[in-house]
Amino acid sequence: MLSINPKMLSRLKELEEDLLARRKRAVEEDWRGEIEGLDLTLTFLRSKREQARRFQRSDPVSLGMPEIPHQKPQVTDS
């Protein structure tokens with residue numbers, strides 16, 4: 001699954017405007033299969049935009065340093 005960088009929200013808006021223009025033309029020309037495909041693409045695009053907005057609102061999560069169980073501490077000679 002692809003994740004969208006929140007910095008790309010403006011690009012998603014451009015893509016949506018282009019898809020809407022293409023959809024309008026498809027409706028005028030009565031290209032039913034094209035309309036269906038564009039509607040599906042618009043649905044996915046809007047879903048990804050909402051996902052990017054959610055990521056934009058959330059703070060990073062600190063995962064800390066991993067510990068390896070049952071490992072002896074390393075001792076270095078100084």
Side-chain angles (χ1 to χ4, degrees):
M1 181 173 214
L2 231 112
S3 293
I4 302 295
N5 186 327
K7 294 177 185 176
M8 296 300 293
L9 286 171
S10 61
R11 179 67 178 132
L12 290 179
K13 182 176 170 76
E14 292 174 22
L15 290 171
E16 183 179 27
E17 290 170 357
D18 180 62
L19 287 168
L20 290 171
R22 291 173 51 193
R23 188 186 187 287
K24 180 181 176 189
R25 168 103 192 272
V27 168
E28 291 169 356
E29 300 288 337
D30 197 30
W31 297 335
R32 292 184 182 140
E34 185 74 8
I35 294 167
E36 186 177 331
L38 290 168
D39 285 342
L40 186 61
T41 303
L42 281 164
T43 300
F44 288 133
L45 182 139
R46 290 170 179 156
S47 170
K48 287 295 176 185
R49 182 176 52 215
E50 289 307 311
Q51 179 188 35
R53 286 181 178 156
R54 280 193 307 272
F55 287 151
Q56 192 176 33
R57 289 188 299 256
S58 64
D59 293 329
V61 176
S62 174
L63 300 177
M65 290 297 295
E67 292 183 24
I68 302 173
H70 310 297
Q71 182 181 14
K72 294 179 184 177
Q74 293 182 353
V75 179
T76 58
D77 293 331
S78 299

Rounding to 0.5 Å, atoms CD (Glu17) and CG (Leu12) come to a distance of 11.5 Å
Does Ile35 belong to the same Ile/Leu/Val/Met/Phe/Trp/Tyr cluster as Leu19, with side-chain heavy atoms less than 4.5 Å apart forming each link?
no
What one should report as the nearest heavy-atom pair of Ala52 and Pro6 is O-CG, 3.6 Å
d(Lys24 NZ, Leu38 CG) to nearest 0.5 Å is 14.5 Å
dist Met8:CE -> Glu14:CD (nearest 0.5 Å) comes out at 8.5 Å
Rounded to the nearest 0.5 angstrom, the CD-CZ distance for Glu28 and Arg23 is 11.5 Å
Next item on the list: Give a yes or no on whether a salt bridge exists between Arg53 and Glu50, defined as a side-chain N under 4.0 angstrom from a carboxylate O.
Entry: yes
*asked:* For Thr43, is there any backbone N or O sitting under 3.5 Å from a side-chain donor or acceptor partner on Ser47?
replied: no
CZ (Arg11) and CG (Asn5) are apart, to the nearest 0.5 Å, by 14.0 Å
Taking NZ, NE, NH1 and NH2 as the nitrogens, is one of them in Arg22 or Glu34 under 4.0 Å from a carboxylate oxygen of the other? yes
Next on the checklist: Using the rule that Ile, Leu, Val, Met, Phe, Trp and Tyr join whenever any side-chain heavy atoms are under 4.5 Å apart, tell me whether Trp31 and Leu20 fall into a single cluster.
Outcome noted: no
